[in-house]
Amino acid sequence: MEYDFRAIEQRWQTRWNETEAYKVTEDPSREKFYVLDMFPYPSGAGLHVGHPLGYIASDVFARYKRHQGYNVLHPMGYDSFGLPAEQYAIQTGQHPAITTEANVARYREQLDQLGFCYDWSREVRTSDPKYYRWTQWIFAELFESWYDVDADRARPISELTDALNANGLTGVHAASDGLWWKGLPDGAYPWGSDFDGQLTAEQWMQCDAAAQSHILMQFRLAYLADSEVNWCPALGTVLANDEVKDGLSERGGHPVVRKRMRQWIMRISAFSQRLIDDLDGLDWTDSIKEAQRNWIGRSEGASVHFGVEGHSDHTIEVFTTRPDTIYGVSFMVLAPEHELVEVLTSADHREAVTEYQQAAAMKSERERQGAGDHEVSGCFTGGYALHPLTGEKIPVWIADYVLAGYGTGAIMAVPAGDERDWKFAKAYDLPIPGIFDGIDTDQAVYTEKNAALRHSCEFDGLDSQTAIPKAIAYLESKGVGRGQINYRLRDAVFSRQRYWGEPFPICYVDDLPQLIRDEQVTLPPVDAYLPTEDGDPPLARAQQGDWNVNRGDRMEYNTMPGWAGSSWYFLRYMDPHNDQAFCARDKSDYWGQVDLYVGGAEHTTGHLLYSRFWTKFLHDRGWIGFHEPFKRMVNQGMILGRSNFVYRVQGTDQFVTFEKRKEYTTQRLHVDINLVQSDKLDVEAFRAWRPEYAHAEFILNEDGEYLCGHEVEKMSKSKFNVQTPDDLVEHYGADTLRCYEMFLGPLTQHKPWDTQGISGVHNFLRKLHRLFAQAGGDAHAKDEHHRILHKTIKKVSDDLDRHAFNTVISALMIGVNELLDAQAQNAAAIRPLAVLASPVAPHLAEELWSLSGANGSVLDQPWPAHEEKWLVSDEITYPVSFNGKVRFQLPVAADLDAKAVESLALQHEKAQQHLEGKTVRKVIVVPGRIVNIVVG
RNA sequence: GCGGGUGUGGUGAAAUUGGUAGACACGCUGGAUUUAGGAUCCAGUGCCGCGAGGCGUGUGGGUUCGAGUCCCUCCACCCGCACCA
């Protein structure tokens with residue numbers, strides 16, 4: 001009987017659908033296991049062979065856990081809001097929902113043919129109003145929350161209002177921008193210009209409702225503020241930092257400039273320390289954890305206040321990680337945007353300063369940060385700061401290299417100990433006070449921390465490690481500074497000027513945002529998906545009657561960013577149809593954290609950070625019982641494509657074969673891999689491929705063939721090297737593709753895609769099928785068959801436990817080969833093999849299970865346990881080595897002790913040859929492993 | 001520059017705690033069968049050597065009876081971050 005994979009796969013997929021084999025429900029009597037894939041954005045291109053790699057791995061693991069008796073949650077859905085559908089809508093006028101629907105259908109078809117064990121009844125789509133209703137709800141909860149720094153958790157805003165009514169801000173540490181009152185609009189507030197943020201209850205009560213609302217806005221976790229954003233004129237939208245690469249938009253590669261806009265912002269910075277600390281408990285790779293830490297960018301140091309000469313009402317606050325070097329300060333630098341530049345600039349420097357500021361503002365982020373070459377530029381303000389310890393006058397400069405967005409936007413420059421300060425001092429001929437004993441900092445900067453300090457008064461003779469805490473204490477005692485921890489992580493801009501995203505449940509009354517909580521706001525239809533002529537986002541095009549809810553003076557026109565919906569989707573799978581809550585607490589208590597999260601490592605830093613942030617928030621507010629979403633994560637490597645090239649002779653229609661390309665001046669062009677077989681080009685197909693090649697002529701090799709060049713690179717449409725799973729499933733079946741992708745190599749490694757090897761895996765499945773097809777009930781099962789089977793059970797189980805899917809396939813191949821050689825024909829005896837194969841080849845496994853005469857579905861079978869008695873053998877073959885080089889094999893009884901093995905080894909005739917004329921210095925016998933004889 | 005990772009046959013790779021390096025596959029070579037094959041089966045296949053044997057896990061060193069595995073040095077490549085005070 002042949003292995004008819006088409007019939008088999010069809011039959012069992014139908015059966016699974018009929019029996020709802022993969023539907024799961026909460027069952028407190030069983031332990032749960034949650035296996036999650038990073039859900040895809042349904043792009044128009046469909047899946048290529050790289051996409052399913054992670055899905056297959058997680059599917060294999062989910063099935064394995066199911067066999068082990070776990071109640072396995074393994075859902076799938078779509079991150080279906082996004083830019084490509086919107087761009088397509090702009091070009092064609094087609095509503096993005098239609099495009100998305102079509103793409104989702106295509107994805108589903110491709111996923112279905114691979115036989116995944118997803119519980120599709122739990123499917124989610126972020127663009128479905130029934131889903132984004134709850135994304136909006138979480139936003140609303142964030143809006144209605146503040147961060148209590150002392151309790152280190154988020155709390156309802158009503159509790160802050162209560163505190164303000166009672167005691168003002170006294171005794172309350174609410175996370176905010178440090179100078180929160182500066183963010184208030186101009187208006188009547190019951191305090192003067194010397195207000196320092198210590199709001200009293202009286203002051204709070206004197207504010208009218210609007211003023212109070214503005215004050216509360218400074219503390220909400222989702223708040224409105226003017227902020228400098230990455231504005232992409234071509235896309236008409238704001239981009240997150242991780243959507244900008246080298247000053248260009250990641251999607252489309254359009255220029256990005258900085259612009260101040262009123263935006264919704266998420267106060268993720270309040271969670272910085274927890275986002276760092278909680279990494280320790282996660283089973284993620286070091287590189288992913290390190291990327292999280294880098295992104296958050298904690299640094300310890302001190303904030304120090306410098307006086308301003310002639311302006312006793314101002315101080316310049318700086319952040320430094322090296323307060324010990326404070327006596328080495330010879331100048332200060334402010335970011336060009338720093339608010340004190342106005343104050344400090346003297347009349348004779350005003351023109352130059354203004355010019356420098358303008359030049360800096362004109363530059364894009366890209367030019368300012370420069371692609372590697374950090375040119376020194378700056379401008380003296382003419383103003384002076386006063387050293388907080390010596391009272392010395394210190395010139396104040398402005399320069400590009402100080403960033404407005406980090407720290408306080410100002411630094412104390414210590415050229416002796418900081419590379420950038422040193423370069424700046426050299427460029428502008430500023431003094432470099434030597435503060436390190438025995439080190440000539442005129443010649444080179446010294447950034448290490450080992451040297452003793454000098455010319456530093458109370459810190460003289462100390463190394464940095466010792467001096468830093470002393471310096472902080474000293475600054476504190478003088479009232480000019482304090483220890484401080486700084487984070488690079490900035491609050492996340494949450495507004496996008498796009499159509500295809502979640503609308504905010506917000507309207508404005510007198511420019512004050514009002515939450516809409518009693519009714520869901522859904523996306524209104526618009527006549528075009530572009531900004532308005534006034535530059536408002538596309539939603540501003542909606543007419544009054546187009547909104548299903550229309551309140552206040554106007555609705556919010558922005559939509560939420562892509563990461564909104566993807567930050568909590570793992571929770572919705574637990575309770576996907578709940579219309580009373582985003583997820584019932586008893587459901588999230590049962591399913592809990594994701595036990596295994598599988599996805600690519602690319603672009604995940606932001607996703608993980610935001611998802612962890614929202615999880616912590618929902619936990620703080622008591623909506624869920626855990627504070628990290630993904631306990632364990634595995635990042636699959638990228639599958640690379642193998643591209644083919646043709647070589648066009650410059651300026652002609654002639655194409656020269658790979659071997660002769662050097663004889664001409666040629667242009668290397670990607671050619672569709674479907675026109676190439678084993679690097680040989682089908683020249684007729686090539687002519688037919690594109691009109692410009694219709695008259696192509698070919699310079700062939702000796703064999704009369706056109707040979708293409710090749711290279712391994714990322715799979716992409718533009719490189720014509722995309723392999724879709726569809727052809728392979730058609731040709732070999734889903735089980736073969738599944739096994740092959742697993743067999744390719746370690747899951748986490750990048751690897752080139754090469755279909756040549758697929759026949760080997762297909763062959764294995766055919767042999768497996770043959771093994772069961774020829775087995776009968778009355779054949780005799782020999783001990784050897786049991787030994788092979790139990791060895792395989794152990795190996796496959798161990799390898800699955802450690803996610804070594806490639807060797808799972810190898811182990812099964814070995815088992816099948818050996819059982820065929822040993823003529824194992826007893827159906828009952830080989831039956832457990834069907835269960836072993838079930839995670840990787842589920843369709844065939846069902847077929848084998850039924851071929852072996854068993855009832856029911858293989859899915860419901862417990863995972864076989866190996867029996868130790870079949871693994872022990874009564875004979876062991878020792879490799880015997882001399883000085884570490886193996887010379888012969890020595891079979892002995894397994895229960896022989898080391899001494900006896902040693903003497904047998906030494907007596908062996910081959911041993912005698914190697915011992916001739918030499919003395920035995922030592923004999924090492926490692927029981928069960930090896931014998932090593934040291935001679936000399 | 002900083003951080004993370006990877007270097008093993010012609011190719012993808014295996015070797016889980018230091019114990020026979022190259023399992024399992026692909027490819028290749030030879031053979032059988034076949035009208036033919038990109039089908040099937042058998043044998044061979046790390047390199048050098050007729051052979052005995054020697055050499056082999058990016059480089060150089062170290063620890064050890066024994067190193068792909070542990071330590072140090074250097075090299076190459078990939079990924080991430082990057083004027084972060």
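Atoms considered below: every heavy atom in the structure, side chains included; atoms not considered: hydrogens, waters and symmetry mates. The model shown is predicted, which means the values in this text are computed figures rather than measured ones.
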**Q** Can you see if the side chain of A:Asn817 gets near the phosphate of B:A25 - specifically, an N or O under 4.0 Å from OP1 or OP2?
**A** yes

**Q** On a whole-Å scale, what distance lies between the P atoms belonging to B:G37 and B:A32?
**A** 13 Å

**Q** Between A:Gly405 and A:Gly757, name the one whose nearest nucleotide on RNA chain B is closer to the 5' end.
**A**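 Nearest nucleotide further toward 5': that of A:Gly757.
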
**Q** Considering only NZ, NE, NH1 and NH2 on the basic side and carboxylate oxygens on the acidic side, decide whether A:Asp801 and A:Lys794 come within less than 4.0 Å.
**A**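 A salt bridge is absent here (no side-chain N lies under 4.0 Å from a carboxylate O).
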
**Q** Round to a whole Å and report the spacing from CG of A:Leu640 to C1' of B:U6.
**A** 13 Å

**Q** Between A:Glu730 and A:Arg6, is the closest basic N to carboxylate O distance under 4.0 Å?
**A** yes

**Q** Check the distance between B:A52's P and A:Phe888's CZ and give it to me in whole angstrom.
**A**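 So the two atoms are 18 Å apart, to the nearest Å.
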
**Q** Looking at B:C65, B:A25, B:A85, which one has an atom nearest to any side-chain atom of A:Lys767?
**A**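 Ranking B:C65, B:A25, B:A85 by closest atom to the A:Lys767 side chain puts B:A25 first.
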
**Q** Check whether the side chains of A:Ser377 and A:Tyr356 place a donor and an acceptor atom closer than 3.5 Å, and report yes or no.
**A**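 Short answer, yes.
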
**Q** Using a strict cut-off of less than 4.0 Å between a Lys/Arg side-chain nitrogen and an Asp/Glu carboxylate oxygen, indicate whether A:Asp798 and A:Arg802 qualify as a salt bridge.
**A**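 Result for this pair is no, no salt bridge flagged.
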
**Q** Calculate, to the nearest 0.5 Å, the distance between atoms CG and CD belonging to A:Leu275 and A:Gln273 respectively.
**A** 9.5 Å

**Q** Indicate the ring-plane relationship of A:His769 and A:Tyr3, choosing parallel, tilted or perpendicular according to the 30° and 60° boundaries.
**A** tilted

**Q** Given B:U40, B:C83, B:C24, which nucleotide is nearest the side-chain atoms of A:Met813?
**A**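 My answer, after comparing the listed nucleotides, is B:C24.
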
**Q** May I ask you to evaluate whether A:Arg766 reaches the phosphate of B:U40, defined as a side-chain N or O under 4.0 Å from OP1 or OP2?
**A** yes

**Q** For B:G12 versus B:U6, give the span between their C1' atoms, rounded off to a whole number of Å.
**A** 15 Å

**Q** Would you measure the distance from the C1' atom in B:U69 across to the matching atom in B:A14 and give it in whole Å?
**A** 14 Å

**Q** Return the nearest nucleotide to the side chain of A:Ile814; candidates are B:G5, B:A23, B:C65.
**A**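 Output: B:A23.
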
**Q** For A:Lys910, look at atom NZ and say whether over 12 heavy atoms of other residues, nucleotides or ligands are found less than 6.0 Å away.
**A**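 It does not: A:Lys910 NZ has 12 such atoms or fewer within range.
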
**Q** A:Phe331 CZ to B:A85 C1': how many Å, rounded?
**A**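 Spelled out: CZ on A:Phe331 to C1' on B:A85 is 12 Å.
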
**Q** Between B:G68 and B:G18, how far apart are the C1' atoms? Round to whole Å, please.
**A**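 Rounded to whole Å, the distance is 11 Å.
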
**Q** Between A:Tyr406 and A:Phe319, what is the ring plane arrangement, given parallel below 30°, perpendicular above 60°, and tilted in between?
**A** perpendicular

**Q** Whole angstrom is fine here: how far is it from CG in A:Leu768 over to P in B:A25?
**A** 13 Å

**Q** Any base atoms under 4.0 Å from A:Arg298, or only sugar-phosphate, or nothing? Heavy atoms, all strands.
**A**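 It contacts nothing in the nucleic acid.
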
**Q** I need the CD-P distance between A:Glu602 and B:C81, as an integer number of Å.
**A**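 The answer, rounded to whole Å, is 11 Å.
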
**Q** Check the chi torsion on B:G66 and let me know: syn if it falls within 90° of 0, anti if not.
**A** anti

**Q** Could you tell me whether the phosphate oxygens of B:G4, OP1 or OP2, come under 4.0 Å of any side-chain nitrogen or oxygen in A:Arg293?
**A** no

**Q** Taking the C1' atom of each, how far is B:C72 from B:A67, in whole Å?
**A** 15 Å

**Q** For the C1' atoms, the ones on B:C55 and on B:G49, what distance do you get once it is rounded to whole angstrom?
**A** 11 Å

**Q** Separation of A:Lys910 atom NZ from B:A52 atom P, in whole Å?
**A** 12 Å

**Q** Got a second to check how far A:Ile472's CD1 is from A:Gln484's CD, nearest 0.5 Å?
**A**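 Here the rounded value is 10.0 Å.
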
**Q** The side chain of A:Ser299 is closest to which nucleotide in this list: B:U40, B:A85, B:C65?
**A** B:A85

**Q** Could you tell me the Watson-Crick or G-U partner of B:U20, where both distances fall under 3.5 Å? Say none if there is no partner.
**A** none

**Q** Round to a whole Å and report the spacing from CG of A:Asn883 to P of B:A67.
**A** 11 Å

**Q** Assign each of A:Gly760 and A:Asn763 to its nearest nucleotide of RNA chain B by heavy atoms, then name whichever residue's nucleotide is nearer the 5' end.
**A**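 In this pair, the answer is A:Gly760.
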
**Q** In whole angstrom, give me the gap between the P atoms of B:G58 and B:C71.
**A**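 It works out to 15 Å between them.
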
**Q** In Watson-Crick or G-U wobble terms, both distances under 3.5 Å, what is the partner of B:C47?
**A** B:G54

**Q** Dump every N/O contact between nucleotides 11-22 of chain B and the protein below 3.5 Å, one line per pair.
**A**
residue, atom, partner, partner atom, Å
B:G12, O2', A:Leu744, O, 2.4
B:A13, OP1, A:Gln749, OE1, 3.4
B:A14, OP1, A:Asn806, ND2, 2.8
B:A15, OP1, A:Arg802, NH2, 3.1
B:U16, O4, A:Lys795, NZ, 3.0
B:G19, O2', A:Arg929, NE, 3.4
B:U20, O2, A:Gln889, NE2, 3.3

**Q** Taking pairing as Watson-Crick or G-U wobble with both contacts under 3.5 Å, can you name the mate of B:C26, or confirm there isn't one?
**A** B:G10

**Q** How long is the line joining CD of A:Gln756 and C1' of B:G38, in whole Å?
**A** 11 Å

**Q** According to the Watson-Crick and G-U wobble definitions, with both distances under 3.5 Å, which nucleotide is paired to B:C41?
**A** B:G31

**Q** Both distances under 3.5 Å, Watson-Crick or G-U wobble: report the partner of B:C2, or none.
**A**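 Paired with B:C2, as far as the under-3.5 Å criterion goes, is B:G80.
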
**Q** Considering only side-chain heavy atoms of A:Asp286, which listed nucleotide, B:C83, B:A85, B:G4, is closest?
**A** B:G4

**Q** Salt bridge check, A:Lys899 against A:Asp897: does any charged N sit closer than 4.0 Å to a carboxylate O?
**A** no

**Q** Could you measure between the two P atoms, the one in B:C41 and the one in B:U59, and give it in whole Å?
**A**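 Those two atoms are separated by 39 Å.
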
